[in-house]
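Proteins get letters first, then strands, A, B, ... in listed order; numbering begins at 1 in each.
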Protein chains: 2
Amino acid sequence: MVIWMDDQELIDLFRENGFKVTAQRLAICKFILSRGDHPSTDQVYHALKIDYPTISLGTVYKTLDLLEELGLIQKLRFNESNIRYDPDLQLHINMVCTKCGKIYDYKAENIQNMWNVIISDLGIKPKGQRIDIYFECDDCK
Amino acid sequence: MVIWMDDQELIDLFRENGFKVTAQRLAICKFILSRGDHPSTDQVYHALKIDYPTISLGTVYKTLDLLEELGLIQKLRFNESNIRYDPDLQLHINMVCTKCGKIYDYKAENIQNMWNVIISDLGIKPKGQRIDIYFECDDCK
DNA sequence: GTAACTGCAAACGCTTTGCACTCCC
DNA sequence: GGGAGTGCAAAGCGTTTGCAGTTAC
């Protein structure tokens with residue numbers, strides 16, 4: 001799922017939380033929020049290097065950490081060693097191809113219903129969740 | 001959940017798959033299979049160093065990779081940088097405390113039923129899965 | 001006897017940190 | 001003007017790799 005925020009909403013969010021608005025921040029933020037495939041730090045970095053040739057990996061890491069703090073994205077580690085960033089904090093299933101590593105999101109109403117049952121059985125207040133299914137995607141079969 | 005295999009079953013499993021049986025392998029394997037809390041490589045290493053003072057981290061890594069290949073355990077990465085090993089390949093929920101990092105397994109029949117529904121909706125043959133819930137455990141509240 | 005395994009140490013890759021320079025406000 | 005953010009490079013740290021010595025079979 002792609003979460004839409006316009007520039008002004010992003011700018012307000014940064015300012016409200018006491019952070020300055022920079023071109024890099026906006027660019028990283030807009031890039032990650034527009035992608036449904038959980039890019040890695042490196043992918044963000046290389047994609048933005050085209051329009052922002054001086055951008056650094058450090059800035060990408062720091063900004064993505066900031067976005068996690070602000071509750072806009074979730075960091076995920078799969079079995080590869082790098083971090084991936086998921087802009088969807090709502091309940092969904094990460095369908096991970098074990099061959100090519102592509103990730104497809106899957107959302108359905110019945111998942112939410114089932115989840116509600118589980119949470120109520122557990123009697124806890126969850127702060128987040130993650131559901132993965134590992135499979136071989138059509139391209140890799 | 002703790003999966004029980006006796007020594008002879010382990011030994012047979014190694015031999016059947018063309019691997020030699022060594023004291024280190026047996027020890028690492030028995031240790032990880034007996035633990036429900038998803039130890040890290042380092043934890044395995046330090047725990048075994050008591051009885052096997054010459055054991056090395058490299059051997060622990062290699063053996064745990066081997067156990068994953070044999071289908072006995074699953075590697076999991078959480079937001080910490082290290083790898084954790086889960087000896088339960090059956091469907092369960094990893095309840096992860098966001099403060100202390102402890103992991104509790106949760107299993108219930110209705111989860112399996114719900115899961116079956118989702119899988120059949122998706123129309124895929126999953127090769128594995130992972131379900132996490134992040135929360136604050138009683139000790140950390 | 002020999003092929004596989006262990007232990008050690010070096011190499012590796014991703015992430016974090018420190019710091020001088022820059023830019024937002 | 002001042003403090004936060006950027007870019008760069010170095011440091012950090014968990015993991016992997018290579019290899020000589022050892023052990024299972």
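Residue B/F14 contributes atom CZ, which lies 11 Å from atom P of D/dC25 at whole-angstrom precision. Counting to the nearest Å, the C1' atom of D/dT6 and the CZ atom of A/F19 are 15 Å from each other. When rounded to the nearest whole Å, the span between NE2 of A/H46 and P of C/dC14 equals 11 Å. When the C1' atom of D/dT6 is taken as reference, atom CG of A/D65 falls 15 Å away, rounded to whole Å. Rounded to an integer number of Å, the gap from CG of A/N79 to P of C/dC14 is 15 Å. At whole-Å resolution of the value, CG in B/L64 and C1' in D/dT16 are 14 Å apart. Counting to the nearest Å, the P atom of D/dG5 and the CG atom of A/L57 are 19 Å from each other. A/I55 has its CD1 atom 6 Å from the P atom of D/dG7, to the nearest Å.
Closest to the side chain of A/R25, from the set D/dT6, C/dC25, C/dT6, is D/dT6. Each of D/dT16, D/dA24, D/dT6 was ranked by its minimum atom distance to the side chain of B/K20; first place goes to D/dA24.
For C/dT6, the OP1/OP2 oxygens have no side-chain nitrogen or oxygen of B/S56 closer than 4.0 Å. Within the 4.0 Å cut-off from OP1 or OP2 of C/dG7, at least one side-chain nitrogen or oxygen of B/T59 is found. OP1 and OP2 of C/dC14 both lie 4.0 Å or more from every side-chain N or O belonging to A/R77. Taking side-chain N and O atoms only, B/Q24 has a distance below 4.0 Å to OP1 or OP2 of C/dG7.
Minimum interatomic distance between B/C137 and B/C97 (heavy atoms only, all atoms of both residues): N-SG, 3.4 Å.
Using modelled atom types, one finds a donor on one side chain and an acceptor on the other under 3.5 Å when comparing B/T41 with B/Y85.
Map B/D42 and B/T22 each onto its nearest nucleotide of DNA chain D; the residue landing nearer the 5' end is B/D42. Toward the 5' end of DNA chain D, the nearer of the two residues A/Y52 and B/K75, judged by each one's closest nucleotide, is A/Y52. Comparing B/G58 and B/G18 along DNA chain C, the residue whose closest nucleotide (by nearest heavy atom) sits nearer the 5' end is B/G18.
Between the side chain of B/K62 and the base of D/dG18, a donor-acceptor pair under 3.5 Å is found. At a cut-off of 3.5 angstrom, counting only N and O atoms as typed in the model, there is no donor on one side facing an acceptor on the other between the side-chain of B/K49 and the base of C/dG7.
Of the possible polar contacts, none joining the A/R25 side chain to the A/C29 backbone as a donor-acceptor pair under 3.5 Å is found.
In this pair, B/Y104 and B/F135 present their aromatic rings perpendicular. The plane angle is above 60°, beyond the 30 to 60° band.
Residue contacts shown for B/S40 are absent, as no nucleic acid heavy atom lies under 4.0 Å away.
A heavy-atom distance below 4.5 Å is not found between the side chains of A/S120 and A/I118.
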